[in-house]
Amino acid sequence: MAAVSLSPSQRAWQRFRRNRLGFWSLTVFCILFVLSLGAELISNDKPLIARYNGQWYLPILKSVPETTFGGDFQTPTDYLDPFIQQQFAKPGNFAIYPPNPYHHSTINYFAKEPNPSGPSADNWLGTDDRGRDVVARLIYGFRISVLFALALTVIGVLLGIVTGAIQGFFGGKTDLAFQRFIEIWGSMPELYLLIIFAAVFDPSIGLLLVLLSLFGWMGLSDYVRAEFLRNRQLDYVRAARALGLSNGQIIWRHILPNSLTPVVTFLPFRMSAAILALTSLDFLGLGVPPGTPSLGELLAQGKNNIDAWWISLSTFAVLVITLLLLTFMGDALRDALDPRKAEK
């Protein structure tokens, strides 16, 4: 029976799978990320479903006033209130809570110890200095960090590919002008600009994403430029020119697919850098708006509350595990796309 011929991408995937550390890192990271996307189903102070006096409710989707469950006010129900929980404990009534019954903004007013309180049966990793559950803050903070890193990576990759392709394909004065512009733009003090904009504008994730995107494309642009400079001199590009293909067709169909190796290889490392950047800015108070769950904000709380070891230790563990998974994935991708190992 003849052997099945595999495409270069299929062979690269097989090499990636043979790297067990990288493959399992990708699997674990994807599982954690998917679970974090459903954080409201895992950690929330509202029941997933409730039944009271023969009526069914979905509090996680629709706010229900307290008077519906025998309370005195028309305000949204506090489902952690002992009175409300007693109402659901009556025969025929029940409420199914998420595994961790706390939202990232929930303040545990019924904690038995002063805040920040240590790990307990109610708060598995304790509470922060405002009485908010650390587990909930970690879950939501992890989701924000990964989504921010993905967005920043996508924007940086697109800008890096476009600018690098233009420099490498056209070369000459175009390349020279871009290189001088990158030198000037890269010499601007990024941290000072962030401090200035943080003082002028209200902090937001969108503003932070725009500011970091202005500088995050330059490193990748150099690699794409080098690949285009090398590939544009090869015979298949000259043949495409002889056939009358336009510059856009040559770039899109021929040179770009053969220049994406550094782009794909650096994706996990760029995500790691983005997560570290967001964490560092949040630690300094220059990142996300106050109240937003953030790994950097938790680290700052751990610094300000040395005795509350559970805050800094748990946050450090989440950050280290995330960065290790991304690093192992990047190493596996680099080996899988290494042309020297193509025949192995």
Side-chain angles (χ1 to χ4, degrees), residues 28 31-52 56-61 63-64 66 68-71 75-146 291-322:
V28 172
I31 291 174
L32 293 177
F33 178 55
V34 170
L35 289 176
S36 71
L37 293 178
E40 287 78 8
L41 303 177
I42 300 173
S43 184
N44 206 325
D45 57 0
K46 297 179 177 61
L48 303 175
I49 187 171
R51 178 178 172 85
Y52 184 80
W56 292 91
Y57 301 93
L58 294 173
I60 196 172
L61 299 178
S63 178
V64 183
E66 183 181 300
T68 304
F69 306 115
T75 55
T77 305
D78 180 4
Y79 294 95
L80 300 181
D81 189 331
F83 171 76
I84 298 297
Q85 293 185 346
Q86 289 176 3
Q87 294 293 91
F88 283 119
K90 293 180 179 179
N93 302 336
F94 66 88
I96 300 177
Y97 288 83
N100 185 48
Y102 297 98
H103 191 256
H104 69 78
S105 60
T106 303
I107 298 177
N108 187 3
Y109 293 104
F110 309 101
K112 299 177 182 178
E113 300 178 5
N115 298 319
S117 61
S120 64
D122 294 330
N123 302 103
W124 302 334
L125 292 177
T127 61
D128 63 7
D129 56 4
R130 300 181 187 178
R132 298 171 298 191
D133 184 68
V134 173
V135 171
R137 303 286 291 180
L138 288 174
I139 294 174
Y140 286 88
F142 173 81
R143 179 173 69 178
I144 289 178
S145 296
V146 175
T292 305
S294 163
L295 300 180
E297 187 259 350
L298 282 173
L299 288 176
Q301 285 201 37
K303 179 183 72 71
N304 297 330
N305 301 274
I306 300 298
D307 293 337
W309 54 267
W310 53 88
I311 300 178
S312 54
L313 183 61
S314 58
T315 307
F316 180 75
V318 170
L319 190 59
V320 168
I321 291 173
T322 302

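For this chain, numbers begin at 1 and follow the sequence in order.
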Could you go step by step and tell me if L80 and Y102 meet the side chain to side chain contact (heavy atoms under 4.5 Å, CB included) rule? CA-CA 9 Å; L80 300 181; Y102 297 98; 3.7 Å; yes
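- For the residue pair Q85/Y79, the side-chain donor-acceptor check at 3.5 Å is not satisfied.
- The ring pair (Phe, Tyr, Trp, His ring centres under 6.0 Å) search around F94 returns W56, not counting sequence neighbours.
- Looking at every heavy atom in both residues, S36 comes nearest to R143 through O-CD, 3.0 Å.
- The ring pair (Phe, Tyr, Trp, His ring centres under 6.0 Å) test applied to Y57 returns F69, not counting sequence neighbours.
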Let me see the working for D122 and N108 under side-chain hydrogen bond (donor to acceptor under 3.5 Å, both in side chains), right down to the final yes or no. CA-CA 9 Å; D122 294 330; N108 187 3; 5.4 Å; no
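- Shortest non-hydrogen contact noted between F142 and T322 is CE1-OG1, 3.3 Å.
- Under 3.5 Å, the side chains of N100 and D133 contain a donor-acceptor pair of N or O atoms.
- Between E297 and R137 a salt bridge is recorded (basic side-chain N to carboxylate O distance below 4.0 Å).
- In this structure, the side chain of W310 engages the main chain of S117 through a donor-acceptor pair within 3.5 Å.
- Between G302 and I311, the shortest heavy-atom contact is N-CG2, 3.9 Å.
- To the nearest 0.5 Å, the span separating CD1 on I96 from CZ on R51 amounts to 12.0 Å.
- Side-chain contact between T106 and R132 is absent, with no heavy-atom pair separated by less than 4.5 Å.
- Between I144 and P293, some side-chain heavy-atom pair lies under the 4.5 Å cut-off.
- The CG atom of N93 sits 12.5 Å away from atom CD of Q86, with the distance rounded to the nearest 0.5 Å.
- The CG atom of L295 lies 12.5 Å from the CZ atom of F316; values are rounded to the nearest 0.5 Å.
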Test side chain to side chain contact (heavy atoms under 4.5 Å, CB included) applied to I60 and N44, step by step: CA-CA 8 Å; I60 196 172; N44 206 325; 3.7 Å; yes
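- Rounding to the nearest 0.5 angstrom, the gap separating the OG atom in S120 from the CD atom in E113 is 7.0 Å.
- For the side-chain hydrogen bond (donor to acceptor under 3.5 Å, both in side chains) test with N115, the passing option among D128, D129, N305, T127 is T127; the others fail.
- W309 approaches P119 most closely through the heavy-atom pair CH2-CG, 4.3 Å.
- A50 approaches F88 most closely through the heavy-atom pair CB-CE2, 3.8 Å.
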Go through V134 and N123 one step at a time and tell me if the side chain to side chain contact (heavy atoms under 4.5 Å, CB included) criterion holds. CA-CA 8 Å; V134 173; N123 302 103; over 6 Å; no
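- Atoms CG and CG, on L313 and L298 in that order, are 12.5 Å from each other to the nearest 0.5 Å.
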Side chain to side chain contact (heavy atoms under 4.5 Å, CB included) evaluation trace for L138 with S314: CA-CA 8 Å; L138 288 174; S314 58; 3.8 Å; yes
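- In this structure, CG in L37 is found 11.0 Å from CG in L32, a value given to the nearest 0.5 Å.
- The two residues P98 and S43 have their closest heavy-atom pair at CB-N, 4.2 Å.
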